[in-house]
*Asks:* 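The structure under discussion is supplied below as structure tokens; questions concerning it will follow.
Here, residue 1 is the first one in the sequence, and each next residue gets the next number.
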Amino acid sequence: DILNCKYCGLSMYKTEEAARNKWNKGLPENVRKLLKYTHLLVGLLKKDLGVMSIEEGQHFTFFEYEKIKLSEHFKVGDIL
């Protein structure tokens, strides 16, 4: 179903501010502890890398195509 499919995607935000707000204010403490830490990545999503969900607000889910190495297209910008 659609929810299980979303669990396989990468959670992304359109802006650094939106990602920081979600991490700092939008996630319960137990979820932050479970994830331990996460990173802000910098890069440009291109059509040949995968597809993204259409969602309201600043969040979207990205699904990379098979055999795509996103590490070749993004760099770590900062730690949340």
Side-chain angles (χ1 to χ4, degrees):
D1 68 22
I2 191 74
L3 189 56
N4 285 331
C5 185
K6 282 186 76 170
Y7 291 147
C8 295
L10 299 169
S11 184
M12 296 191 169
Y13 291 85
K14 295 176 185 175
T15 66
E16 179 179 338
E17 180 183 9
R20 287 189 184 281
N21 283 340
K22 181 65 175 183
W23 180 256
N24 292 320
K25 300 174 187 167
L27 291 175
E29 182 66 27
N30 64 323
V31 173
R32 287 196 303 267
K33 285 181 180 179
L34 178 68
L35 295 173
K36 296 185 181 176
Y37 62 91
T38 191
H39 295 80
L40 288 170
L41 300 178
V42 177
L44 180 63
L45 290 176
K46 299 177 186 176
K47 285 194 253 182
D48 59 336
L49 298 178
V51 296
M52 69 178 74
S53 64
I54 298 173
E55 301 175 27
E56 290 185 26
Q58 293 292 311
H59 179 268
F60 64 95
T61 304
F62 186 75
F63 304 88
E64 74 269 30
Y65 291 135
E66 192 174 347
K67 298 183 181 178
I68 292 292
K69 294 181 181 178
L70 291 178
S71 61
E72 296 175 358
H73 301 274
F74 291 86
K75 65 178 183 173
V76 175
D78 200 0
I79 296 175
L80 288 173

*Asks:* Could you measure the distance from the CG atom of Asn21 to the OG1 atom of Thr15? Nearest 0.5 Å is fine.
*Replies:*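 Atom-to-atom, Asn21:CG and Thr15:OG1 are 7.5 Å apart.
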*Asks:* Mind checking whether Phe62 and Tyr13 sit in one hydrophobic cluster, side chains of I, L, V, M, F, W, Y counted as touching below 4.5 Å?
*Replies:*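 Different clusters: Phe62 never reaches Tyr13 through Ile, Leu, Val, Met, Phe, Trp or Tyr contacts under 4.5 Å.
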*Asks:* Using only atom types and a distance under 3.5 Å, with no angle test, would you say the side chain of Ser53 pairs donor to acceptor with the backbone of Thr61?
*Replies:*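 Checking the backbone N and O of Thr61 against the side chain of Ser53, a donor-acceptor pair under 3.5 Å is found.
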*Asks:* Could you tell me which residues satisfy ring-ring contact (aromatic ring centres under 6.0 Å, His included) with His73, sequence neighbours excluded, listed by chain and number?
*Replies:*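 If we apply the ring-ring contact (aromatic ring centres under 6.0 Å, His included) test to His73, skipping adjacent residues, there are no hits.
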*Asks:* Of all heavy-atom pairs between Asp48 and Tyr65, which one has the smallest distance, and what is that distance?
*Replies:*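 Minimum heavy-atom separation between Asp48 and Tyr65: O-CD1, 3.4 Å.
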*Asks:* Hydrophobic clusters here meaning ILVMFWY residues chained together by side-chain heavy-atom distances under 4.5 Å, can you tell me if Trp23 and Leu34 are in one?
*Replies:*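 Different clusters: Trp23 never reaches Leu34 through Ile, Leu, Val, Met, Phe, Trp or Tyr contacts under 4.5 Å.
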*Asks:* Within this structure, what is the CG-CG distance for the pair Leu49 and Leu44, rounded to the nearest 0.5 Å?
*Replies:*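 Interatomic distance, Leu49 CG to Leu44 CG, rounded to 0.5 Å: 8.0 Å.
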*Asks:* Please name the pair of heavy atoms, one in Leu10 and one in Glu64, separated by the smallest distance, quoted to 0.1 Å.
*Replies:*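 Here Leu10 and Glu64 meet closest at CD1-OE1, 3.9 Å.
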*Asks:* Going through the distances and angles, do Ile79 and Leu40 end up as a side-chain contact (heavy atoms from CB on, under 4.5 Å)?
*Replies:* CA-CA 6 Å; Ile79 296 175; Leu40 288 170; over 6 Å; no
*Asks:* Establish whether Phe63 and Phe74 are linked, either directly or via other cluster members, by ILVMFWY side-chain heavy-atom contacts under 4.5 Å.
*Replies:*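 Result: yes, single cluster for both.
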*Asks:* Would you list the pairs meeting salt bridge (Lys or Arg N to Asp or Glu O under 4.0 Å) in which at least one residue belongs to residues 14-26, sequence neighbours left out?
*Replies:*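 Checked against salt bridge (Lys or Arg N to Asp or Glu O under 4.0 Å) - neighbours excluded - the pairs reaching residues 14-26 are Glu16-Arg20, Arg20-Asp78.
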*Asks:* With a 4.5 Å limit on heavy-atom distance, are the side chains of Leu45 and Phe60 in contact?
*Replies:*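 Counting from C-beta outward, Leu45 and Phe60 do come under 4.5 Å.
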*Asks:* Linking I/L/V/M/F/W/Y whenever their side-chain heavy atoms sit closer than 4.5 Å, directly or via other members, would Val42 and Met12 fall into one cluster?
*Replies:*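 Cluster IDs for Val42 and Met12 differ.
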